[in-house]
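Heads up: numbering here begins at 1 and tracks the sequence.
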Amino acid sequence: MQGIIAFIFIFGVIVVVHEFGHFYFAKKSGILVREFAIGMGPKIFAHTGKDGTAYTIRILPLGGYVRMAGWGEDTTEIKTGTPVSLTINDEGIVTRINLSNKMLDNTSLPMNVTSFDFESKLEITGLVLEEEKTFKVDHDATIVEEDGTEVRIAPLDVQYQNASIWGRLITNFAGPMNNFILGLLAFILLFFLQGGVPDTQTNQVTVVDGGALQAAGVETGARLQTINGVVVEDYDDIVVAIAKASDGAKKAPELALEVEQAGTVKEVTVVTQKVDGAYRLGVSPYLKTGFVDKVVGGFKETASTALLIVTALKNIIARFDIHQLGGPVAIYNVSSQAAEHGFTSVLNLLAMLSINLGIFNLIPIPALDGGKILMNLIELIRRKPLKQETESYITLVGVAIMFVLMIAVTWNDIMRVFF
């Protein structure tokens, strides 16, 4: 159960924060956001704000999505002959088109639609009592979809493709940007919860409770100057010295330490403890506890994590191997493992996955944000947009690639985790 909760929390927060980036900057760019959804599947709550956006909560707590006017596959489809009910104001203009059996208006006018144009002409035509009539549709009219979700119609002037090139560019970049910001804030919060930032550049150590070094009377803040006669200057040296002493050992090795504690240098002999199949001294990096140290540590950890992910991604592209990729099943698996070690481990995983998602989404594949950004940049250089048909074909190819890749990754995850 802990694993499921951790997975929903991590996946949900990362995706919703990503989508909120698109949502916020789309609105700032004059693009109509028809719906901002938390979760997937059938809706369990809906509220239409004064900004015209339908805010919904859906039954499956897995991420969320944003429906921008004219973005992707967000279109309004009404088949010829479809029965609808129209709400008409005093000026004879349609303010709501109801396609569902929900949210019925007793004063509405029933119609069987024969044609409509909600983008430029803003009108709807259909049969009313066997007589064909055409009505003007208000620019801000709403349409109640078959599942009962009420959203605004999408005239051309509020659609994605009619926003400025810079508005579209920042809207596409905002999702990954929010993931980087989330990763940064999560790392900073993690260091505050841990009480500080690990400092591997010093031989000063934190003594683990119940560990071998604590049993020898050494306290946190002490400096390990030598291990078995070898000078250690930082934490990496300490790790190497312990590994060297433990290599090939049949029983717990005994370490001769020179320790500086409270201004006094003393020699200590410590018998290591076997933990998780390895011999441990019972130390971890010393923590820098200053406020600035924690904030700066968050920035450094974000940068190093991003560099690590970019390097791994480069290696995957250079020597493609499906086994190096992971999907939702893999995320669930590592989420379960993180949950067993407490909230700080979950927070650390959230930070890393958020940065990972941000970087992955910047890959210039048409179905991803990076592909959209690439097309924005091409338009900026050409000073004219690509043909709508060309852009649609490119996007379709990108979607096909991502679909095949997701199926392959998910199958590989299932085989790796369960078999």
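- Across Thr56 and Ala46, no two heavy atoms sit closer than the pair CG2-CB, 3.9 Å.
- In summary, the aromatic rings of Phe118 and Phe116 are positioned with their centroids under 6.0 Å apart.
- Listed by chain and number, the residues in a side chain to side chain contact (heavy atoms under 4.5 Å, CB included) with Thr305 are Phe187, Glu301, Ile309, Met352, Ile355 (sequence neighbours excluded).
- Screening Val208, Leu255, Leu257 for a side chain to side chain contact (heavy atoms under 4.5 Å, CB included) with Leu213, the sole residue that qualifies is Leu257.
- No hydrogens or angles considered: a donor-acceptor pair under 3.5 Å links the side chains of Asn376 and Asn172.
- Side-chain N/O atoms of Gln159 and Glu119 include a donor and acceptor closer than 3.5 Å.
- For Ser304 (side chain) and Lys300 (main-chain N/O), a donor-acceptor pair under 3.5 Å exists by modelled atom type.
- For Pro253, the side chain to side chain contact (heavy atoms under 4.5 Å, CB included) criterion is met by Ser246, Ala249, Thr272, Tyr279, not counting sequence neighbours.
- Ion pairing between Glu91 and Lys136 fails under the 4.0 Å rule for side-chain N and carboxylate O.
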(Q) Checking Val144 against Leu99 for the side-chain contact (heavy atoms from CB on, under 4.5 Å) test, could you report, in this order, the C-alpha distance in whole Å, the side-chain angles of both residues, the deciding distance, and whether it holds? (A) CA-CA 6 Å; Val144 182; Leu99 299 176; 5.9 Å; no
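- Between the side chain of Thr53 and the main chain of Gly49, no donor-acceptor pair closer than 3.5 Å is present.
- Here the straight-line distance linking atom CG of Leu362 with atom CG of Asn179 works out to 9.0 Å at 0.5 Å rounding.
- Residues Asp199 and Leu287 have side chains not in contact (no heavy-atom distance under 4.5 Å, counting atoms from C-beta outward).
- Note that CG of Leu347 and CG of Leu193 are 6.5 Å apart. Values are rounded to the nearest 0.5 Å.
- Considering only heavy atoms from C-beta on, Ile359 comes within 4.5 Å of Val310 through its side chain.
- Side chains of Gln214 and Asp209: a donor on one and an acceptor on the other come within 3.5 Å.
- Under the salt bridge (charged side-chain N to carboxylate O under 4.0 Å, His left out) criterion, the residue pairs touching residues 16-41 are Lys27-Asp51, Arg34-Asp74, Glu35-Arg58, Glu35-Arg67, with sequence neighbours excluded.
- Remark: side-chain polar atoms of Ser354 are not paired, donor with acceptor, to backbone N or O of Ala351 under 3.5 angstrom.
- The aromatic rings of Phe343 and Phe9 sit tilted relative to each other, their planes meeting at an angle between 30° and 60°.
- Contacts of Thr142 classified as side-chain hydrogen bond (donor to acceptor under 3.5 Å, both in side chains), with partners at least two apart in sequence or in another chain: Glu150.
- Looking at Thr206, its side chain does come within 3.5 Å of a backbone N or O of Pro285 through a donor-acceptor pair.
- Once rounded to the nearest 0.5 Å, the distance linking CG of Leu184 with CG of Leu189 reads 11.0 Å.
- Here the two rings, on Phe291 and Phe192, have centers that are under 6.0 Å apart.
- Around CG of Leu129, the count of heavy atoms belonging to other residues, nucleotides or ligands within 6.0 Å does not exceed 12.
- A donor-acceptor pair under 3.5 Å links the side-chain atoms of Thr95 to the main chain of Thr87, judged by distance alone.
- Listed for the Gln261 side chain is a donor-acceptor partner under 3.5 Å among the backbone atoms of Glu219.
- Side-chain contact between Thr200 and Asp234 is absent, with no heavy-atom pair separated by less than 4.5 Å.
- With sequence neighbours left out, the salt bridge (charged side-chain N to carboxylate O under 4.0 Å, His left out) criterion links Lys288 to no other residue.
- Using a 4.5 Å cut-off on side-chain heavy atoms (C-beta onward), Phe11 and Leu353 make no contact.
- Residue Ile97 forms a side chain to side chain contact (heavy atoms under 4.5 Å, CB included) with just one option from Val137, Thr76, Val113, and that option is Val137.
- Within the 4.5 Å cutoff, the side chain of Leu182 has no heavy atoms near those of the Asn178 side chain.
- Between the Ser29 side chain and the Ile31 main chain, no donor and acceptor come within less than 3.5 Å of each other.
- The structure places CZ of Phe360 at 5.0 Å from CD1 of Ile363, a figure rounded to the nearest 0.5 Å.
- The side-chain heavy atoms of Ile8 and Ile5, taken from C-beta on, include no pair separated by under 4.5 Å.
- Across Ala216 and Val270, no two heavy atoms sit closer than the pair CB-CG2, 3.8 Å.
- Distance check: Tyr235 OH to Asn203 CG gives 12.5 Å after rounding to the nearest 0.5 Å.
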Q: Any chance you could lay out the side chain to side chain donor-acceptor pair (under 3.5 Å) test for Ser115 and Asp117, step after step, and finish with the verdict?
A: CA-CA 7 Å; Ser115 66; Asp117 183 348; over 6 Å; no
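- Looking at heavy atoms from C-beta onward, Ile170 lies out of side-chain contact with Trp166 at the 4.5 angstrom threshold.
- Residues passing the salt bridge (charged side-chain N to carboxylate O under 4.0 Å, His left out) test with Asp140, sequence neighbours excluded: Arg152.
- Residues Ile10 and Leu349 have side chains in contact (heavy-atom distance under 4.5 Å, counting atoms from C-beta outward).
- The structure places CG of Asn98 at 10.5 Å from CD of Glu146, a figure rounded to the nearest 0.5 Å.
- Remark: side-chain polar atoms of Thr220 are paired, donor with acceptor, to backbone N or O of Val207 under 3.5 angstrom.
- Heavy-atom minimum distance, Phe191 versus Lys294: CD1-O, 3.7 Å.
- Other residues, nucleotides and ligands contribute more than 12 heavy atoms inside 6.0 Å of the OH atom of Tyr55.
- Counting only distance, with no hydrogens or angles, the side chain of Thr149 and the backbone of Glu145 share no donor-acceptor pair below 3.5 Å.
- Looking at Thr114 and Asn112, their side chains never bring a donor and an acceptor atom within 3.5 Å of each other.
- Between Phe20 and Phe36, the ring-plane angle classifies as perpendicular under the 30° and 60° cut-offs.
- Between His22 and His18, the angle of the ring planes goes over 60°, which puts this pair in the perpendicular group of the 30/60° scheme.
- When atom types are taken as modelled, the side chain of Asn361 and the backbone of Pro176 share no donor-acceptor pair closer than 3.5 angstrom.
- Side-chain polar atoms of Ser108 and Arg96 form no donor-acceptor pair below 3.5 angstrom.
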